[in-house]
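First up is the structure itself, then whatever we jot down about it.
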Amino acid sequence: MIVTTEFLHEAHVQRDALGMHDLTPVVIKHPLSTLSDAEIDQRAAEAVEQCVAVWLGKNPLPSGERAG
């Protein structure tokens with residue numbers, strides 16, 4: 001799942017409610033809806049490294065932090 005920083009808490013609540021405790025969200029900066037296409041492209045590029053880490057089962061957050 002990819003979420004903005006503003007909705008990370010809600011993502012954790014949903015993840016836990018669904019029993020998916022090990023699901024690691026990819027987090028991008030908020031807001032998203034008011035950005036230009038170029039700014040959205042930049043946010044997507046920022047998410048790529050995190051996405052690959054999640055797919056490979058690695059922690060995408062710096063310094064071994066866990067989201068949640």
Side-chain angles (χ1 to χ4, degrees):
M1 101 179 75
I2 300 174
V3 299
T4 65
T5 51
E6 187 70 21
F7 295 101
L8 184 56
H9 173 75
E10 289 80 0
H12 289 151
V13 169
Q14 286 295 314
R15 174 195 66 188
D16 293 343
L18 294 170
M20 302 174 78
H21 308 289
D22 292 331
L23 180 66
T24 302
V26 171
V27 184
I28 60 174
K29 297 175 193 167
H30 190 84
L32 192 61
S33 63
T34 59
L35 300 181
S36 68
D37 287 348
E39 291 169 318
I40 291 173
D41 287 346
Q42 182 180 6
R43 295 282 170 86
E46 292 171 4
V48 168
E49 188 174 324
Q50 288 184 68
C51 289
V52 171
V54 168
W55 294 331
L56 296 176
K58 299 176 182 177
N59 186 346
L61 298 176
S63 305
E65 296 174 24
R66 279 199 51 93

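Applying the side-chain contact (heavy atoms from CB on, under 4.5 Å) criterion to Met20, with sequence neighbours excluded, gives Arg15, Leu18, Leu23. Partners of Ser33 under the side-chain contact (heavy atoms from CB on, under 4.5 Å) rule, at least two apart in sequence or in another chain, do not exist in this structure. With sequence neighbours left out, Thr34 forms a side-chain hydrogen bond (donor to acceptor under 3.5 Å, both in side chains) with no residue at all. For His30, the ring-ring contact (aromatic ring centres under 6.0 Å, His included) partners at least two apart in sequence or on another chain are Phe7.
From His12, atom NE2 reaches atom OG1 of Thr24 across 8.0 Å, with rounding to the nearest 0.5 Å.
Placement of Val52 and Met1 in two distinct hydrophobic clusters is found when ILVMFWY residues are connected by side-chain heavy-atom separations under 4.5 Å, directly or transitively. When hydrophobic clusters are built by joining Ile, Leu, Val, Met, Phe, Trp and Tyr residues whose side-chain heavy atoms come closer than 4.5 Å, directly or via intermediates, Leu32 is grouped together with Ile2.
Residue Ala11 comes nearest to Val3 through the heavy atom pair CB-CG1, 3.8 Å, listed as atom of the first residue, atom of the second, then distance. Contact between Pro25 and Gln50 at its shortest, heavy atoms only, is O-OE1, 4.4 Å.
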Only pairs under 3.5 Å count here: list side-chain donor-acceptor contacts from residues 40-47, not counting sequence neighbours, and write none if there are none.
residue	atom	partner	partner atom	Å
Arg43	NH1	Lys29	O	2.8
Arg43	NH1	Pro31	O	2.5

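Atom CD of Glu39 has more than 12 heavy atoms from other residues, nucleotides or ligands within 6.0 Å.
Within the structure, ring pair (Phe, Tyr, Trp, His ring centres under 6.0 Å) pairs that include any residue of residues 34-54 do not occur (at least two apart or interchain).
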